[in-house]
Number of protein chains: 2
Amino acid sequence: MRYGNPWIRQRMIEEGMRFTEARRAILDILGKSLQHLSAEDIYFKVRRINPSVGFATVYRTLDVLTRMGIVQRFDFGDGKARYELIGGMGKEEHHHHLVCTGCRKIIDYTDFIDEEKELINKTEQALARKYGFYITNHITPVQ
Amino acid sequence: MRYGNPWIRQRMIEEGMRFTEARRAILDILGKSLQHLSAEDIYFKVRRINPSVGFATVYRTLDVLTRMGIVQRFDFGDGKARYELIGGMGKEEHHHHLVCTGCRKIIDYTDFIDEEKELINKTEQALARKYGFYITNHITPVQ
DNA sequence: ATAGATGCAAAAATTTTGCAAGGTG
DNA sequence: CACCTTGCAAAATTTTTGCATCTAT
């Protein structure tokens with residue numbers, strides 16, 4: 001069940017990028033993960049697949065994927081960023097994070113998600129009109 | 001209009017802490033600021049008031065104030081944390097941030113805030129019941 | 001007087017960058 | 001084969017820490 005996602009591969013190639021082994025491995029890892037992984041987490045996981053991959057490649061790949069809108073980067077306030085495949089984790093595409101300030105445990109939740117989506121949509125439209133922003137994403141960690 | 005806020009001072013003393021010059025100066029700065037300041041921003045501003053204050057004190061003070069629930073820490077995704085006095089800036093207590101991914105400009109907004117507050121309250125109550133979390137804060141930057 | 005706070009500089013931790021070498025389309 | 005990507009190590013950034021000294025209560 002590798003993430004050799006042909007759609008992502010195609011998009012990268014169309015944009016003049018290369019779908020390398022390192023990138024495929026990182027997408028695999030993100031696709032299979034049930035957690036919100038830090039760059040370090042991903043680095044150690046990739047190394048089990050391909051021990052020659054370096055830290056810089058992990059960061060550069062995450063940056064590329066984030067810019068492409070395939071990966072979402074989060075800051076939960078502990079000094080290191082976490083990454084998550086958008087629409088990944090076999091869950092609903094839209095969810096939030098509940099972060100325990102004591103133990104840093106993170107719970108994804110989707111309670112009242114429909115009501116929220118409706119409100120968010122209304123808000124985003126209003127903001128786009130009012131401030132000229134095109135909304136690409138939003139985050140609501142509770143911390 | 002210094003922020004020698006007697007209420008905060010009293011709370012600190014009650015909790016066995018000291019309301020030092022550095023802490024008062026940092027509260028002043030946060031209280032007067034219309035922006036979301038980084039530790040570095042605050043450091044340079046404090047230095048204009050009291051040139052002997054060091055970086056470590058700024059970080060330690062922000063940490064204390066954050067733990068006390070007086071200051072809110074944000075990560076907007078550019079690698080450095082920003083700090084904001086809760087209920088400060090002469091604005092409504094509850095607001096959100098619109099962050100431009102291009103230029104990093106931040107706009108505070110409160111559109112649909114009443115509807116949102118209602119939904120948030122309902123959600124928080126449900127989450128608290130369901131997961132046993134006591135909700136202390138939430139953040140919704142659009143990034 | 002005394003526990004808490006500070007300043008300084010060093011250390012830690014995370015992320016970025018330069019460049020020669022390698023791999024992909 | 002051209003050009004994007006990688007690995008490595010060094011550098012840059014932000015934040016934390018140790019410890020002697022200072023200071024608010």
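Below, chain A is the first sequence line, B the second, and so on; all start at residue 1.
Taking OH of A:Y83 as the start and CD of A:Q72 as the end, the distance is 10.5 Å to the nearest 0.5 Å. Separation of atoms OG1 (A:T66) and CD1 (A:I86) is listed at 8.0 Å; rounding is to 0.5 Å. For the atom pair CD1 (B:I8) and CZ (B:R23), the distance works out to 12.0 Å, reported to the nearest 0.5 Å. A:L65 contributes atom CG, which lies 8.5 Å from atom CE of A:M17 (distance to the nearest 0.5 angstrom).
Here C:dA5 presents its P atom at 11 Å from CD of B:E15, a figure rounded to the nearest Å. Separating the CG atom of A:D41 from the P atom of C:dA13 is a distance of 15 Å, rounded to the nearest angstrom. Remark: C1' of D:dC3 and CE of A:M12 are 15 Å apart, rounded to the nearest angstrom. Atoms OH (B:Y43) and C1' (D:dT13) sit 15 Å apart, rounded to a whole Å. A:D78 places its CG atom 12 Å from the P atom of D:dT15, with the value rounded to the nearest Å. Taking atom CZ of A:R73 as the reference point, atom P of C:dT14 lies 13 Å away to the nearest angstrom. B:R24 has its CZ atom 15 Å from the P atom of D:dT23, to the nearest Å. The interatomic distance linking A:E40 (CD) with C:dA12 (P) rounds to 15 Å, in whole Å.
Screening A:T57, A:V53, A:T61 against A:V46 for a side chain to side chain contact (heavy atoms under 4.5 Å, CB included) leaves a single residue, A:V53.
Over its length, the helix from C:dA1-D:dT25 to C:dG25-D:dC1 turns its helix axis by 50°, as judged from the five terminal pairs at each end, rounded to 10°.
Ion pairing of B:R11 with B:E14 is absent here, as no side-chain N (NZ or NE/NH1/NH2) approaches a carboxylate O to less than 4.0 Å.
Taking the six-membered ring where the residue is Trp, B:Y43 and B:F55 present parallel rings, their angle staying beneath 30° rather than reaching 60°.
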Produce the list of close N/O pairs, under 3.5 Å, pairing protein atoms with atoms of nucleotides 22-25 of chain C; give distances to one decimal.
residue, atom, partner, partner atom, Å
C:dG23, N2, A:R18, NH1, 2.5
C:dT24, O2, A:R18, NH1, 2.8

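Side-chain contact between B:I70 and B:L30: absent, with no pair of heavy atoms (C-beta onward) separated by less than 4.5 Å. Side chains of A:M12 and A:M68 form a contact here, defined as non-hydrogen atoms less than 4.5 Å apart.
Residue B:A22 is the one, among A:K80 and B:A22, whose nearest nucleotide of DNA chain C lies closer to the 5' end (criterion: closest heavy atom).
Of all heavy-atom pairs between B:V58 and B:A39, the closest is CG1-O, 3.7 Å.
The stretch residues 48-68 of chain A touches DNA chain D through A:S52, A:V53, A:G54, A:A56, A:T57, A:R60, each having a heavy atom under 4.0 angstrom from the strand.
When the side chains of ILVMFWY residues are joined at heavy-atom separations under 4.5 Å, either directly or via intervening members, B:I13 and B:I26 end up in two distinct hydrophobic clusters.
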